[in-house]
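See below for the structure under consideration.
For clarity, every value in this text was computed on a predicted model and none was experimentally measured. Reminder, nothing fancy here: chain letters follow the sequence lines and each chain counts from 1.
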2 protein chains.
Amino acid sequence: MKNEKRNTITTQALRRMPYYIQQLRILQSENVETVSAPKIAERLNLNEVQVRKDFAAVSSSKGKPKAGFSVNDLIDNIEELLGYNNADEAVIVGAGSLAQAILAHEGFRKFGINIVAAFDVDPYRIGSTINEIKVLSSDKISDLCRRMNIHIGIITVPAKEAQVVCDQLVAGGVLAIWNFAPVHLSVPDHILVQNENLAASLAVLSKHLKQAMKEKR
Amino acid sequence: MKNEKRNTITTQALRRMPYYIQQLRILQSENVETVSAPKIAERLNLNEVQVRKDFAAVSSSKGKPKAGFSVNDLIDNIEELLGYNNADEAVIVGAGSLAQAILAHEGFRKFGINIVAAFDVDPYRIGSTINEIKVLSSDKISDLCRRMNIHIGIITVPAKEAQVVCDQLVAGGVLAIWNFAPVHLSVPDHILVQNENLAASLAVLSKHLKQAMKEKR
DNA sequence: TCAATATCGGTAATAAAATATCGATATACC
DNA sequence: GGTATATCGATATTTTATTACCGATATTGA
């Protein structure tokens with residue numbers, strides 16, 4: 001009952017949270033204590049009401065007329081919501097350049113995810129180390145996930161291999177999959193697949209561009 | 001008037017197109033000539049009506065009762081819509097691991113984008129070659145974009161440098177920016193910014209996971 | 001040739017997300 | 001202390017996206 005608010009945050013609002021965090025951290029570093037929804041909205045090119053609603057949905061403290069919301073409170077609340085404090089452990093499958101980019105991504109641990117192992121099928125990669133993470137043979141996915149009680153699997157293998165890897169992760173008890181392969185993955189109902197689909201973004205971009213060019217003519 | 005349909009495709013539908021392409025290509029390789037909306041919907045775990053509407057929005061030919069849509073026609077229509085045939089030229093700024101991953105991404109050119117140059121500030125990277133693309137000094141961004149009439153800029157630099165790079169691209173006449181840096185970019189109204197925000201995806205994933213765990217308890 | 005049916009296209013209903021509006025109120029300034 | 005105002009919270013409206021429904025029709029198989 002108490003945390004009822006929590007459940008009412010929409011997916012879209014959730015996706016905006018990292019942007020809020022980013023702006024709030026800047027303000028925090030400038031020792032600004034409170035900030036209003038309109039101000040953040042202006043900085044991020046969002047609608048004022050939207051920001052206010054988002055803040056209201058996550059904030060434990062209320063906003064004050066004329067002053068706005070406490071910067072520190074907002075940061076705390078959002079970070080807790082996103083689990084930035086207690087990171088979940090994850091494994092990554094496919095130790096290619098994309099995996100390296102992800103592992104190198106500074107402050108990924110800050111984002112609530114702690115990658116503890118990497119897997120690959122390529123014997124040349126197995127045994128090597130990327131960013132202090134050992135690369136293991138893909139054979140061991142299910143086993144290791146189960147033993148270490150891993151809940152998140154990140155897939156960066158080529159499209160063709162993705163479904164097999166996905167099945168192995170699920171067999172290992174993984175509950176959420178972050179999929180960078182440009183394919184649809186079939187999973188049991190209770191498993192969440194979050195697709196990171198570059199082709200989809202590109203589709204939107206190309207279309208807009210084409211439109212822009214047409215209007216220019 | 002004729003192409004009025006084109007303008008009615010929603011952003012969300014656009015994002016689904018690459019998934020359709022993927023499934024349709026599989027069918028094409030199996031020499032399947034027609035496919036129904038319900039069948040594709042089942043394969044992708046989507047709603048049947050949604051798929052039918054999406055197909056209707058992009059298809060030049062009509063679907064036939066009992067048979068469905070022509071696989072080849074759909075592929076042609078979607079690829080034309082997404083500009084997979086006549087790729088736009090793009091540059092990438094930031095030649096780190098993420099850029100390498102993007103450049104290595106097999107068949108990126110198929111997705112309607114053709115990366116012709118890379119930029120970096122690091123003198124050790126300048127002059128090197130990644131996937132047959134020369135890495136140039138960031139000084140030259142604006143100049144080269146303008147001279148080569150580049151319309152797309154891809155930003156993979158660290159957060160702090162992103163806005164500067166963005167400004168240089170805009171100065172060079174770029175019309176669309178694909179931003180992998182986890183920051184909001186300020187641009188003139190007519191410029192499109194497509195954010196590829198890993199933190200946003202992760203936020204959704206973590207939240208769902210937390211929910212799932214709670215329900216399990 | 002005719003009946004059964006999968007699928008279509010179109011319209012209606014529902015759900016999710018974004019935006020507008022407005023009265024209430026805490027703060028800042030006179 | 002009193003007044004002006006920026007901002008809030010709440011509610012209403014609009015827009016976008018998804019899903020349900022239904023009559024029409026091409027194909028399949030008796």
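For residues 30-52 of chain A, there are no ring pair (Phe, Tyr, Trp, His ring centres under 6.0 Å) pairs, not counting sequence neighbours. Within the structure, ring pair (Phe, Tyr, Trp, His ring centres under 6.0 Å) contacts touching residues 53-101 of chain A (residues at least two apart or in different chains) are A/Y20-A/F55, A/F55-A/F69, A/Y84-A/F111. Here salt bridge (Lys or Arg N to Asp or Glu O under 4.0 Å) pairs that include residues 45-59 of chain B, with residues two or more places apart or in two chains, are B/R16-B/D54, B/E48-B/R52. Pairs of residues two or more places apart, or lying in two chains, never qualify as salt bridge (Lys or Arg N to Asp or Glu O under 4.0 Å) while including a residue from residues 56-74 of chain B.
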May I have the list of side-chain donor-acceptor pairs in residues 162-179 of chain B shorter than 3.5 Å, sequence neighbours left out?
unit_1	atom_1	unit_2	atom_2	d
B/Q163	OE1	B/S186	N	2.9
B/Q163	NE2	B/D167	OD1	2.9
B/Q163	NE2	B/S186	O	3.1
B/W178	NE1	B/E196	OE1	3.0
B/N179	OD1	B/A181	N	2.9
B/N179	ND2	B/A181	O	3.1
B/N179	ND2	B/V183	O	3.1
B/N179	ND2	B/N195	OD1	2.9

Side-chain donor-acceptor pairs under 3.5 Å in residues 149-157 of chain B, sequence neighbours left out?
unit_1	atom_1	unit_2	atom_2	d
B/T156	OG1	B/V93	O	3.1
B/T156	OG1	B/G94	O	2.7

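Considering all non-hydrogen atoms of both residues, B/R43 and A/H184 come closest at O-CD2, 3.2 Å. Considering all non-hydrogen atoms of both residues, A/L14 and A/P18 come closest at O-CD, 3.4 Å.
Listed by residue number, the members of residues 182-201 of chain B with any heavy atom below 4.0 angstrom from DNA chain C form an empty set. Within residues 20-44 of chain A, the residues having any heavy atom closer than 4.0 Å to DNA chain D are, in order of number, A/S36, A/A37, A/P38.
The nearest whole Å value for the distance from the CG atom in A/D73 to the P atom in D/dC8 is 14 Å. In this structure, A/F69 places its CZ atom 12 Å from P of D/dT7, rounding to the nearest Å. Between the CG atom of A/L74 and the P atom of D/dC8 there is a distance of 10 Å, rounded to whole Å. Atoms CG (B/L14) and P (D/dA17) sit 11 Å apart, rounded to a whole Å.
For A/F119, the ring-ring contact (aromatic ring centres under 6.0 Å, His included) test picks out no residue, with sequence neighbours left out. Remark: B/R25 pairs with B/E79 by the salt bridge (Lys or Arg N to Asp or Glu O under 4.0 Å) rule, at least two apart or across chains. Applying the ring-ring contact (aromatic ring centres under 6.0 Å, His included) rule to A/Y19 yields no partners; only residues at least two apart in sequence or on another chain are considered.
Among the protein residues, B/F55 comes within range of no part of the nucleic acid, since none of its heavy atoms lies under 4.0 Å from any strand.
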Protein within reach of the bases, or only the backbone? For nucleotides 18-30 of chain D, mark each nucleotide 5' to 3' as B, S or -, using heavy atoms under 4.0 Å. BBBB---BSBS--
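If you check D/dC8, C/dG9, C/dA17 against the side chain of A/T11, the one that comes closest is C/dA17.
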